[in-house]
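Beneath this line is the structure, given in structure tokens, with notes to follow.
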Amino acid sequence: MAKKEEIDPETAELIKWCTEVEQFLVQGGATLAQAQENIEEEIEWYMDLFYDGKTPEEAAKAALSD
């Protein structure tokens with residue numbers, strides 16, 4: 001039986017944060033698929049914003065202004 005891989009709290013918080021960014025991207029005019037694709041393609045950039053203490057809304061605004 002495979003052992004279930006546990007997600008550390010920091011990773012769980014990053015996932016939650018990205019989900020919130022996704023919602024702001026959709027509110028800003030992106031489709032859900034576009035928002036998810038952008039986050040997947042630019043994950044390192046989003047991680048930098050996360051660790052810099054940016055809010056999900058600030059991250060989405062930055063992404064939408066590009």
Under the salt bridge (charged side-chain N to carboxylate O under 4.0 Å, His left out) rule, collect the residues that match up with Glu57, sequence neighbours excluded. Lys61
Taking only residues two or more places apart in sequence or in another chain, which ones pass salt bridge (charged side-chain N to carboxylate O under 4.0 Å, His left out) with Glu20? Lys16
Ile7: hydrophobic cluster co-members (side-chain, 4.5 Å): Ile15
Identify all side-chain donor-acceptor contacts of residues 22-33 below 3.5 Å with residues at least two apart in sequence or on another chain.
from: Thr31; atom 1: OG1; to: Gln34; atom 2: N; distance (Å): 3.0
from: Thr31; atom 1: OG1; to: Gln34; atom 2: OE1; distance (Å): 3.4

Sequence-distant partners of Ser65, side-chain contact (heavy atoms from CB on, under 4.5 Å), two or more places apart: none
What's the spacing between Gln36 CD and Glu41 CD if we round to 0.5 Å? 12.0 Å
Donor-acceptor contacts under 3.5 Å from residues 43-52 side chains, at least two apart:
from: Tyr46; atom 1: OH; to: Asn38; atom 2: OD1; distance (Å): 2.4

